[in-house]
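Just the heavy atoms: all of them, side chains too, but no hydrogens, waters or symmetry mates, feed the values below.
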Amino acid sequence: AIAMGGAFVAVANDVTGLYWNPAGIARLHRNEAILLHTEWLADVNYDYAGIAIKMGNAGTIGASVTSVSMADMQVRTELQPEGTGEFFAAGDIAGSIAYARNLTDRFSIGFNAKYIHQKIWHMTSSGFAIDIGTLFTTQFKDMKIGMSISNFGTNMKMSGRDSREF
């Protein structure tokens with residue numbers, strides 16, 4: 001999906017549609033689940049879990065959890081480049097609930113509601129967002145057209161030593 005440069009939005013027809021285009025889970029033929037763990041550079045871990053459950057003609061429901069975490073790092077300053085003796089951690093987590101439905105045999109729509117929480121050192125931030133997606137199969141050689149608006153939501157409200165919106 002990543003190698004397709006965003007074009008997977010029109011192809012998403014499995015449980016990964018929870019991430020790429022929530023309308024895609026409406027096209028499932030059976031219940032599906034995914035567990036993904038990726039170790040990135042600098043000890044950063046990316047984890048994703050999702051499940052989609054068919055409810056017959058009522059549509060499909062789904063849920064997912066996304067997490068980005070890292071190992072503790074030393075606090076360093078200009079005056080103490082070798083470290084202050086303190087450590088900090090950073091991480092993000094997002095949980096979502098989705099619903100999708102085929103409106104016709106060629107047109108599907110889906111929604112994803114998310115809660116997002118971020119933390120770095122003494123500061124935390126949280127907010128809500130939604131994803132809205134559609135899939136349409138044309139009559140021209142089964143060409144598919146997809147659209148997804150992702151992470152449309154509230155400002156992240158920060159709390160900690162220096163509270164402000166960002």
Other residues, nucleotides, ligands: >12 heavy atoms within 6.0 Å of [X] [atom1]:
X	atom1	answer
Leu103	CG	yes
Lys119	NZ	no
Asp43	CG	no
Met70	CE	yes

Given side chains that start at C-beta, do those of [X] and [Y] come closer than 4.5 Å, heavy atoms only?
X	Y	value
Gln74	Thr84	no
Lys54	Glu32	no
Arg27	Lys144	yes
Lys114	Ile130	no
Gln118	Thr124	no
Ser64	Tyr48	yes
Ile97	Ile61	no
Val44	Val68	yes

First locate atom [atom1] of [X], then atom [atom2] of [Y], and finally report the distance between them rounded to the nearest 0.5 Å.
X	Y	atom1	atom2	result
Trp20	Asn112	CH2	CG	14.0 Å
Leu36	Ile34	CG	CD1	5.5 Å
Thr138	Phe107	OG1	CZ	13.5 Å
Ser126	Asn155	OG	CG	11.5 Å
Ser125	Met156	OG	CE	3.5 Å
Ser148	Asp131	OG	CG	5.5 Å

Practice task
For the pair Trp121 and Phe88, name the ring-plane relationship: parallel under 30°, tilted 30 to 60°, perpendicular over 60°.
Solution key: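 Trp121 vs Phe88 ring planes: tilted.
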Would you find a donor on one side and an acceptor on the other, under 3.5 Å apart, between the side chain of [X] and the backbone of [Y]?
X	Y	answer
Asp47	His37	no
Arg106	Phe136	no
Asp92	His117	no

Kindly work out whether a path of hydrophobic side-chain contacts (I/L/V/M/F/W/Y, heavy atoms less than 4.5 Å apart) joins [X] to [Y].
X	Y	value
Ile2	Trp40	yes
Val11	Met147	no
Ile25	Tyr19	yes
Phe87	Val75	no
Val15	Tyr46	yes

Problem - Flag for Ser108-Asn102: side-chain donor and acceptor within less than 3.5 Å - result: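 Yes.
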Minimum heavy-atom separation for [X] and [Y], please, with both atom names.
X	Y	answer
Ala129	Ile116	CB-CD1, 4.0 Å
Leu18	Ala98	CD2-CB, 3.5 Å
Ala90	Ile120	CB-CG1, 3.8 Å
Gly146	Ala10	N-CB, 3.5 Å
Leu28	Thr60	CD1-CG2, 4.2 Å
Asp72	Ala89	OD1-CB, 3.3 Å

Exercise for the section: For the pair Thr137 and Asp142, evaluate side chain to side chain donor-acceptor pair (under 3.5 Å) and give the outcome as yes or no after the intermediate values. Expected result: CA-CA 6 Å; Thr137 303; Asp142 288 328; over 6 Å; no
Exercise for the section: May I have the step-by-step check of side-chain contact (heavy atoms from CB on, under 4.5 Å) for Ile93 and Thr66, ending in yes or no? Expected result: CA-CA 6 Å; Ile93 190 163; Thr66 305; over 6 Å; no
Practice task
Please confirm whether Tyr115 and Phe128 have ring centers closer than 6.0 angstrom.
Solution key: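 Centroid separation for Tyr115 and Phe128: below 6.0 Å.
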